Asker: 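Okay, handing you the structure first.
Everything quoted here is computed from the prediction, not taken from an experiment.
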Amino acid sequence: MPNTSSRSTNASAAAETARRGPLAGPQEVAAYLRVPVKTLYQWKYRGIGPNVHKVGRHLRYRWSEVDAWVNAQSAYDLAV
């Protein structure tokens with residue numbers, strides 16, 4: 001019997017992405033990450049945050065890149 005857990009995970013991720021839309025502003029990403037908007041601007045300046053794109057004079061984030069950045073942040077080893 002095939003394992004459908006990855007399918008349901010992919011389906012729920014696709015549904016979440018569709019609900020959120022492809023692009024987000026700094027306020028939406030800050031709320032999602034539970035950090036101040038100022039922190040996002042600092043991360044952008046330092047080059048350590050999620051990828052950000054300028055659309056005209058506005059900053060926009062792709063949700064897929066924000067999620068990938070979050071996943072990469074949890075990939076380090078805490079054991080010393």
Asker: With a 4.5 Å heavy-atom cut-off, do L59 and H53 have their side chains touching?
Answerer: no

Asker: Output the distance between atom CZ (R60) and atom CG (N51), rounded to the nearest 0.5 Å.
Answerer: 16.0 Å

Asker: May I ask whether V70 and W63 are part of the same hydrophobic cluster, defined by side-chain heavy atoms of I, L, V, M, F, W, Y residues being less than 4.5 angstrom apart, directly or through others?
Answerer: yes

Asker: Pairs under 3.5 angstrom only: tabulate donor-acceptor contacts from the side chains of residues 33-47 to other protein residues two or more places apart or in another chain.
Answerer:
none

Asker: Using 0.5 Å steps for rounding, measure from the CD atom of E28 to the OH atom of Y61.
Answerer: 11.5 Å

Asker: Do V55 and V29 land in one hydrophobic cluster if side-chain heavy atoms of ILVMFWY residues count as linked below 4.5 Å?
Answerer: no

Asker: For R62, what residues pass the salt bridge (Lys or Arg N to Asp or Glu O under 4.0 Å) criterion, not counting sequence neighbours?
Answerer: E65

Asker: Between Y32 and V66, does the side chain to side chain contact (heavy atoms under 4.5 Å, CB included) criterion hold? Intermediate values first, please.
Answerer: CA-CA 10 Å; Y32 175 69; V66 172; 4.0 Å; yes

